[in-house]
Amino acid sequence: MVSLASCNQVTGKNSDNKETAKDTLSITVLQTADIHGQLDPHRELFWENEEIVFKERGGLANIKTLFEEERQKNPGRTVIVDGGDLIQGSGYAALSEGRIFPEIISNMGYDLIIPGNWEVVYGKDRMMDIMTNYNTPVIAQNMFHEEDGKELFPPYWTKEIEGVKIGFIGINDPDVPVRQNPVFSEGITFSGIEDEVKELISTVKKEEEVDVLFLVTHMGVFKQVDLANQEMSKDVDYILGNDTHERVRELIQGKYAKVSEPGAFGSFVGKLTLHFVDGKLVGDEYKLMDVDPKVYPADPELQQLVDKAKEPYEEHLETVVGHTATPIYRYLTVENPMDNMITDAARWKTGADISISNGFRFGNPIVPENEKPAPITRANLWNLLPVNEKVKTGKVTGQQVKDWLEREMHNAFAKVPTERFGGWLVRFSGMEVDFNSQGDKGERVKSITIKGEEMQMDEYYTISACVRPGDPIDNLCRIPNVKDVEVKDYTIHDVVEEYLQKNSPVSPKLDGRAYCEYLGEYSFSTVPGTEYLFQ
């Protein structure tokens, strides 16, 4: 494998003090990921000088401007890739079931796209209709039609640029049927990342004779770093990672390959520049570029397509349903104001002892300005709650709650990367939990308090969560064997709207309902074995 030490300049002197050959070719690879249906510029959270700050970022038409500028800098030598989770996460995406995207994405100028774990959200047929109408190659080596075992998409894609051949293998998260509501991926089977991937790497590298090989993966940064350290990646040069929304600003060097991940929501674009001398890769540069609307104004033609796509849904989605006097965001590993508001609303409506919600990694911040409460719209609700399911209640013992928390904590903080799932710690209202993220499996919970008293393992508590279509009726948010289950006639969006109407302006904040001394209050990420920091 070629040495890939980062460089800013590829000319220099050899041991004989003679000038080495100059860079004869550079190839630019641009990467977006986890756009999650965000069409326009929006508030983005940054961690700077030990405090949270908010800036305007993103917008598909603004990304288009960035793409065009970068193409002009290196014409004919620029490849643009999206790493999945594109068609879900906003109200406009949900209400159209992704139908708004093919025309927009076809005009963005992508060269290659892979599906992510949320691409299945509207079902197999809708996903296939959307992704086959991008007029862009879509690849995934581990997704198959259940009825006949045939591939949904080609497993890889290659491109030759001035005598240099580069190859891309697409890999989606094999845990999609578990991570997402099971009904979403009906009709699709997934394979893992063992022998099939190893054989395909060998095929593409040797039989296709590619000079540089990329894996484009949607599995989360911890699994992607682990993959970069496995021997099966010895012929892989780069892993263009996606899924966990991490903002990798310096490539993470694994034993065999380097790993990137370019943030989320269209707020960033990863830029990898490859330098070649006489067709051989001699170095690289990497930069995570902010999509700042002041630097990259919206492309007028694409903005027209975006505005047209929004029209049928805009009046409904931009209706204000409440206000907040404090910033609402969801970026922290353990506890977030956004989820505190949602679970407080659910407990207020249901009267349950405990209300729980998933540890989603997305939802654009809502930030008051000029000391005035910020409006909360239905569009905001879809950003906070990407699916709108009915509320479900039941009864569980304290032991069931503790066992469930231990499983969820292992999913988020497992020391073995392949045992982690994509989300952060589950969110809840009605209890306080002290835990140690560094503890062993099943031994992380230190204490659980409900109504000011220690939870009793043999006592029953009422609980609420959202329905997960495809789950057994007695399952609440992955808690099995729940008693006295009742599915309400209202959805979680209904609950939050009603709560906001009666309680605005709300002022959600961090109140210590979940705490881990090792992580502290402002933990944004945990990527063991690396020096990576979220910024």
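These numbers come from the heavy atoms of this one structure, side chains and all, not from hydrogens, waters or symmetry mates. For clarity, every value in this text was computed on a predicted model and none was experimentally measured.
Two rings, from W47 and F524, have their centers less than 6.0 Å apart. The six-membered or imidazole ring of F265 lies near that of H245, with a centre-to-centre distance under 6.0 Å.
When only modelled atom types and interatomic distance are considered, Q31 and D82 share no side-chain donor-acceptor pair under 3.5 Å. Counting only N and O atoms by type, the side chains of N74 and T28 include a donor and acceptor under 3.5 Å apart. The closest side-chain donor-acceptor pair between D243 and Q224, if any, does not fall under 3.5 angstrom. Side chains of H275 and E285: a donor-acceptor N/O pair is present below 3.5 angstrom, by distance only. Side-chain atoms of E44 and S267 form a donor-acceptor pair, as typed in the model, at a separation below 3.5 Å. In this structure, a donor-acceptor pair under 3.5 Å is present between the side chains of Y238 and D284.
A salt bridge is defined here as a Lys NZ or Arg NE, NH1 or NH2 lying under 4.0 Å from an Asp or Glu carboxylate O, and K223 with D175 meets this definition. Remark: K165 engages E208 in a salt bridge, criterion side-chain N to carboxylate O under 4.0 Å. Salt-bridge annotation for E335 and R330: absent, with no side-chain N of the basic residue lying under 4.0 Å from a carboxylate O of the acidic one. In this structure, K258 does not pair ionically with D237, as no charged nitrogen and carboxylate oxygen lie closer than 4.0 Å. The pair D339-R427 meets the salt-bridge criterion, with a side-chain N (NZ, NE, NH1 or NH2) lying under 4.0 Å from an Asp/Glu carboxylate O.
Under the salt bridge (Lys or Arg N to Asp or Glu O under 4.0 Å) criterion, E70 pairs with K73, K271, not counting sequence neighbours. With sequence neighbours excluded, the residues satisfying ring-ring contact (aromatic ring centres under 6.0 Å, His included) with F268 are F46. Every residue was checked against the salt bridge (Lys or Arg N to Asp or Glu O under 4.0 Å) condition with D226, not counting sequence neighbours, and none meets it. Applying the ring-ring contact (aromatic ring centres under 6.0 Å, His included) test to Y329 and every residue at least two apart in sequence or in another chain returns nothing. Every residue was checked against the ring-ring contact (aromatic ring centres under 6.0 Å, His included) condition with F153, not counting sequence neighbours, and none meets it. Under the salt bridge (Lys or Arg N to Asp or Glu O under 4.0 Å) criterion, E162 pairs with R77, sequence neighbours left out. Under the salt bridge (Lys or Arg N to Asp or Glu O under 4.0 Å) criterion, K159 pairs with no residue, sequence neighbours left out. Scanning for side chain to side chain donor-acceptor pair (under 3.5 Å) contacts around H410 gives E419, R444, with sequence neighbours left out.
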Could you give the side-chain donor-acceptor pairs of residues 116-123 under 3.5 Å, partners two or more places apart or in another chain?
{"residue": "N117", "atom": "OD1", "partner": "H218", "partner atom": "NE2", "Å": "2.8"}
{"residue": "N117", "atom": "ND2", "partner": "Q180", "partner atom": "OE1", "Å": "2.8"}
{"residue": "E119", "atom": "OE1", "partner": "D85", "partner atom": "N", "Å": "2.7"}
{"residue": "E119", "atom": "OE1", "partner": "G116", "partner atom": "N", "Å": "2.7"}
{"residue": "E119", "atom": "OE2", "partner": "L86", "partner atom": "N", "Å": "2.9"}
{"residue": "Y122", "atom": "OH", "partner": "I87", "partner atom": "O", "Å": "2.9"}
{"residue": "Y122", "atom": "OH", "partner": "A93", "partner atom": "O", "Å": "3.1"}

List the atom pairs, with distances to 0.1 Å, where a side-chain N or O of residues 374-381 and a protein N or O form a donor-acceptor pair under 3.5 Å, not counting sequence neighbours.
{"residue": "T377", "atom": "OG1", "partner": "A379", "partner atom": "N", "Å": "3.3"}
{"residue": "T377", "atom": "OG1", "partner": "N380", "partner atom": "N", "Å": "3.1"}
{"residue": "T377", "atom": "OG1", "partner": "N380", "partner atom": "OD1", "Å": "3.1"}
{"residue": "R378", "atom": "NE", "partner": "E497", "partner atom": "OE2", "Å": "2.8"}
{"residue": "R378", "atom": "NH1", "partner": "H316", "partner atom": "O", "Å": "3.3"}
{"residue": "N380", "atom": "OD1", "partner": "T377", "partner atom": "N", "Å": "2.8"}

In a table with atom names and distances, give each donor-acceptor pair under 3.5 Å that connects a side chain of residues 304-312 to protein atoms at least two apart or in another chain.
{"residue": "D307", "atom": "OD1", "partner": "Q303", "partner atom": "NE2", "Å": "3.0"}
{"residue": "K310", "atom": "NZ", "partner": "D40", "partner atom": "OD2", "Å": "2.6"}

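Contact check for P115 versus V138: side-chain heavy atoms found under the 4.5 Å cut-off. Side-chain atoms of D111 and V81, non-hydrogen and from C-beta on, never get closer than 4.5 Å to each other. Side-chain contact between I188 and L152: present, with at least one pair of heavy atoms (C-beta onward) separated by less than 4.5 Å. Residues F534 and L332 fail the side-chain proximity criterion, which asks for heavy atoms closer than 4.5 Å. By the 4.5 Å heavy-atom criterion applied to side chains, V269 and P262 are not counted as neighbours. Between L95 and W382 there is a side-chain heavy-atom pair separated by less than 4.5 Å. Within the 4.5 Å cutoff, the side chain of N383 has heavy atoms near those of the Q38 side chain. Residues I27 and V164 meet the side-chain proximity criterion, which asks for heavy atoms closer than 4.5 Å.
Distance check: K150 NZ to H145 NE2 gives 8.5 Å after rounding to the nearest 0.5 Å.
Distance alone, capped at 3.5 Å, places no donor-acceptor pair between the D129 side chain and the D125 backbone. Although no hydrogens or angles enter the test, the distance criterion places no donor-acceptor pair under 3.5 Å between the side chain of S260 and the main chain of L251. In terms of modelled atom types and a separation under 3.5 Å, the side chain of T65 and the main chain of P297 share a donor-acceptor contact. Looking at K255, its side chain never comes within 3.5 Å of a backbone N or O of A228 through a donor-acceptor pair.
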**Q.** Intermediate values then yes/no, side-chain contact (heavy atoms from CB on, under 4.5 Å), T217 and L240
**A.** CA-CA 6 Å; T217 57; L240 300 182; over 6 Å; no

**Q.** Check against side-chain contact (heavy atoms from CB on, under 4.5 Å), E196 and Q141
**A.** CA-CA 8 Å; E196 296 91 343; Q141 66 80 219; 4.1 Å; yes

Q: Take V29 and F214 through the side-chain contact (heavy atoms from CB on, under 4.5 Å) test and state the conclusion after the steps.
A: CA-CA 11 Å; V29 179; F214 294 84; 4.0 Å; yes

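Environment of CD in E517: sparse, with no more than 12 heavy atoms of neighbouring residues, nucleotides or ligands closer than 6.0 Å.
Screening residues 48-100 for ring-ring contact (aromatic ring centres under 6.0 Å, His included), with sequence neighbours left out, gives F67-Y110.
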